[in-house]
There are 2 protein chains.
Amino acid sequence: MTLAAVGTARHGEVGIAVQPPLHPGHDLDRSHARGADKAPTILDVAAEAGVSKSTVSNVVRGADDVSSATRARVLAAIDLLGYTPNAIARQFVRQRTTILGVLVGDLSNPYYAQMAQVAERAAFRHGYTTMFCNIEGAKDIALAGVEALLEHRVAGIVFLAYISRTDQLEEALRRAGVPIAFLGLSERWGDSVGPEDAQGGRLATEHLIGLGHRRIAYVRTPLVERTGDRGRHSGYRAAMRDAGLDALPPIAWAPGAPTVRYGRTSLKLSDALRGGKAPSALFVSNDIGAIAMIEACENERLTVPDDVSIVGFDDIAIAALHRISLTTVAQRLDYQAERAVSLLLERIHDPGLPPRHTSVSVELRVRQSTAPARG
Amino acid sequence: MTLAAVGTARHGEVGIAVQPPLHPGHDLDRSHARGADKAPTILDVAAEAGVSKSTVSNVVRGADDVSSATRARVLAAIDLLGYTPNAIARQFVRQRTTILGVLVGDLSNPYYAQMAQVAERAAFRHGYTTMFCNIEGAKDIALAGVEALLEHRVAGIVFLAYISRTDQLEEALRRAGVPIAFLGLSERWGDSVGPEDAQGGRLATEHLIGLGHRRIAYVRTPLVERTGDRGRHSGYRAAMRDAGLDALPPIAWAPGAPTVRYGRTSLKLSDALRGGKAPSALFVSNDIGAIAMIEACENERLTVPDDVSIVGFDDIAIAALHRISLTTVAQRLDYQAERAVSLLLERIHDPGLPPRHTSVSVELRVRQSTAPARG
DNA sequence: GATCATACCTGGAATGTTCCAGGGATCGCC
DNA sequence: GGCGATCCCTGGAACATTCCAGGTATGATC
């Protein structure tokens, strides 16, 4: 507390000049009287500055009807006492918070981590803090997490998870009536931002077709929401149809944790990628899955891209590593996260808004995991 | 609301039997009278159940002095009204929260993301929610982030960031007197958990020496806190000394963002890795740096591990990918995050505890980025 | 000098919960 | 039937802030 006063004195004489050493020695008494155990309140500051609590409140909140002399006096008192405004009390009386809940599927997955980071930053820039719940695919945890967010009366929720929403979870969210933005997904009941899945599926598939591949399979991983998966798959089918090719039956990742390690063992490649009718190219519904697929192929002594070409979706950071160099459909993760936060804040401000769904254009990034078909 | 009651009926007739259809039709009146705009409070529930607010509070908090008949009646009323306890009011009156602040350096860095995930999970398991601040190395943002956490009166802070702590930031934290645990670091003023840096440095270096390398350089990246860097570097020096080898001058990553992309261009390899006196092996102070180093080497047409062996530190998930296959010093990220949360909760419970520093043992994981020295 | 306007400040009500002291029943025991 | 114990329940105070109606100077205008 004394240090703070010194700090003030150092960086400007204004506050000090208006209000010299105020009550010399008195601060010691105060701190003894109150004890160091309790944080100073707006009333302590008011007493110290010789004004009412309302005036201190006005200063803290930046209201304009405070004379500059009074303001300086109050600021000096705040500095002296080391007062930190109590957001809990503020939230309590104003009956709303500036906290955004973030439901994130799995932070150890780079896709979500990148999204979460940008969302946090965007929220912070708008004066909101973020409360995270890592729901990791477990339905009961998700429900408990949502409950916690609702109890804390978050102003809105960013939904960033692949968990298949149960009726229970969805109903809990609807009932609470809290603004919610689905990030990385489209066509939900709240607001949403997502990539142009169908267009991406088409780009990926056309790229492979252009390289001369005829037998191209779609690989579906549990990472992708049904809606996203549907779009990507239908883009694939449309491109195949337009090229006069037959769509192959999709290869499915066994249900389970969406990690590279799991995918590597889960994908049954022996069946899918061996023999005369095996596909020479794969379009995988996301990058983590595509990387798992590369691992799985190389485990089975199939070289990528020589034996199999692979295209992913997302363009997460590690896809660009030389050693990985994954051809993929890039979606602007950062833009989407920003947009989701904007949608949320707009709805918080005006709950009457109609639901809005933003889809973000995608772009093919050709790297080394795809090569012309052989023969 | 009705659904919830049905749910109750399904898994047990007790609640329903004790309190049949209570007040049929009445719920509609209430919801109209109150209007759907305001969330029901404990008083609404009390009126509905015909008890006092204190009793409802007892039920919600799980206090034991409530008869089972009354409890059932209150629960039914809660269900009917869709009451969600107001954590803000609870925090307000109890003068403490069950929120843990997490200051995280950079969520898009897998090292932090993994730590953050486990920390969140551990906190949640103990009944705490987490408030994230992504401080990304910018000092003013870090300060504003800490301020936000303090205003929300978080019960403790997990510090998970490489940002070099300014006097200002450190003083703000000390002054606030909030319990704080440093994660991934040791030897700080609060509680801390970190890996055995010196031992790790020694293991990495001895592995390279064992492979016949003589000219081994230490590469320092801006990712690592000074303390961690010091330990790893000194472990390296000790191993070199014990083997009768000269430690080379450390190679430094230019200050800047700690990403692979940046590191790739920032590391001046032409000078460091060319010529007769160039090192044949590198020990890099963390995995992201090591991966950047692999990229940088291969950019310069140096093959890893044939031309240069590289060892990292951390064993982040992507280090294990076949395509990366980084030899590295593994530290138990999950255990550390768990431990940091435990330390924090113990201190919240008993602030008088002396500062504790846990160091976690490390273990070398040999993969494909290291090979015997040539010639 | 009365009236009005403006600038600045203040006191009180309200917010939803917890916690505590205490108050009725009911029961058992002498 | 008096007393104590136990069980269950209740009303009120307290928490730190915001917001609003109102109050008091000061200055300007007629």
Side-chain angles (χ1 to χ4, degrees), chain A residues 18 34-35 37-75 77-78 81-99 148 150-155, chain B residues 18 34 37-75 77-78 81-99 127 148 150-155:
Chain A
V18 168
R34 248 190 326 99
D37 44 338
K38 270 182 98 359
T41 75
I42 211 171
L43 263 115
D44 298 314
V45 176
E48 181 67 39
V51 295
S52 76
K53 60 181 172 35
S54 304
T55 301
V56 177
S57 174
N58 284 337
V59 170
V60 170
R61 296 193 340 269
D64 50 354
D65 52 351
V66 180
S67 74
S68 60
T70 306
R71 181 186 310 277
R73 209 139 40 91
V74 170
L75 289 176
I78 286 174
L81 299 180
Y83 167 73
T84 305
N86 188 330
I88 312 251
R90 192 211 320 269
Q91 291 169 344
F92 181 47
V93 61
R94 301 192 64 187
Q95 293 286 85
R96 71 195 137 94
T97 65
T98 52
I99 306 176
L150 294 178
E151 290 193 4
H152 283 92
R153 301 291 193 261
V154 294
Chain B
V18 167
R34 248 193 323 98
D37 44 339
K38 271 183 100 353
T41 75
I42 210 171
L43 264 114
D44 297 316
V45 176
E48 180 67 38
V51 296
S52 76
K53 60 183 172 31
S54 304
T55 300
V56 178
S57 174
N58 285 337
V59 170
V60 170
R61 296 193 338 271
D64 50 354
D65 52 351
V66 180
S67 73
S68 61
T70 306
R71 183 187 309 277
R73 208 139 39 89
V74 170
L75 289 176
I78 286 174
L81 299 180
Y83 167 73
T84 307
N86 187 329
I88 313 250
R90 189 209 324 264
Q91 292 168 342
F92 181 48
V93 62
R94 303 193 63 187
Q95 291 289 87
R96 72 197 137 92
T97 64
T98 51
I99 306 176
L150 294 178
E151 291 193 3
H152 282 93
R153 300 289 192 263
V154 293

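Both backbone and side-chain heavy atoms feed into the values below; hydrogens, waters and symmetry mates do not.
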Rounded to 10°, tell me the angle between the two end axes of the helix from C/dG1-D/dC30 to C/dC30-D/dG1, each built from five pairs. 50°

Pairs under 3.5 angstrom, nitrogen or oxygen only, protein versus nucleotides 23-25 of chain C, please.
none

On the nucleotide D/dT17, are OP1 or OP2 found under 4.0 Å from the side-chain N or O atoms that A/Gln95 carries? no

In short, A/Ser67 meets A/Thr70 closest at the heavy-atom pair OG-OG1, 2.8 Å

Spatial distance of atom CG (B/Asn58) from atom NZ (B/Lys53) [nearest 0.5 Å]: 10.5 Å

Restricting to side-chain contact (heavy atoms from CB on, under 4.5 Å), what partner residues turn up for B/Ser54, sequence neighbours left out? B/Ser52

OP1 or OP2 of C/dG16 sitting under 4.0 Å from any side-chain N/O of B/Lys38? yes

Where the side chain of B/Thr41 is concerned, which of C/dT17, D/dC9, D/dA16 is the nearest nucleotide? C/dT17

Whole angstrom value for the distance that separates P of D/dC19 from CG of A/Asn58: 10 Å

Integer-rounded Å distance: C/dT18 P and A/Glu151 CD: 10 Å

Is any side-chain N or O of A/Lys53 closer than 4.0 Å to OP1 or OP2 of D/dT18? no

Integer-rounded Å distance: C/dG16 P and B/Tyr83 OH: 10 Å

OP1 or OP2 of C/dA7 under 4.0 Å from side-chain N/O of A/Ser67: no

Please report the interatomic distance OG1(B/Thr55) to CD1(B/Ile42), rounded to the nearest 0.5 Å. 9.5 Å

Taking any heavy-atom pair under 4.0 Å as a contact, classify A/Val60: base, sugar-phosphate, or nothing. nothing

Which atoms form the tightest heavy-atom contact between B/Leu81 and B/Pro40, and what is the distance? O-CG, 3.5 Å

Rounded to the nearest angstrom, tell me the gap between atom CD1 in B/Ile42 and atom C1' in C/dT15. 14 Å

Heavy-atom nearest nucleotide on DNA chain D for A/Arg96 versus B/Asp65: which residue maps closer to 5'? B/Asp65

Distance-minimising heavy-atom pair for B/Thr41 and B/Tyr83: C-CE1, 3.6 Å

For a quick test of reading the model, state the closest non-hydrogen atom pair linking B/Glu151 to A/Thr84 and the distance between them. CG-CG2, 3.7 Å

Closest to the B/Val66 side chain: D/dT17, D/dC9, D/dT10? D/dC9

Considering all heavy atoms, the nearest A/Ala49-A/Arg73 contact: O-NH1, 2.7 Å

I need the minimum non-hydrogen distance between B/Asp44 and B/Ala39, along with the two atoms involved. OD2-O, 4.4 Å

Going 5' to 3' along nucleotides 20-27 of chain D, which nucleotides have protein heavy atoms under 4.0 Å from the base (write B), which only from the sugar-phosphate (write S), and which from neither (write -)? --------

Rounding to an integer number of Å, can you tell me how far B/Arg61 CZ sits from C/dT17 P? 12 Å

Going by number, which of residues 84-94 of chain B have a non-hydrogen atom under 4.0 Å from DNA chain D? B/Phe92, B/Val93

Could you tell me how far apart A/Arg71 (CZ) and C/dC8 (C1') are, to the nearest whole angstrom? 12 Å

Under 3.5 Å, which donor-acceptor pairs do the side chains of residues 85-96 of chain B form with other protein atoms, sequence neighbours left out?
residue	atom	partner	partner atom	Å
B/Asn86	OD1	B/Ile88	N	2.9
B/Asn86	OD1	B/Ala89	N	3.2
B/Gln91	NE2	A/His152	NE2	3.1

Proximity to the side chain of A/Ser52 - top-ranked nucleotide from C/dT15, C/dC9, C/dT10: C/dT10

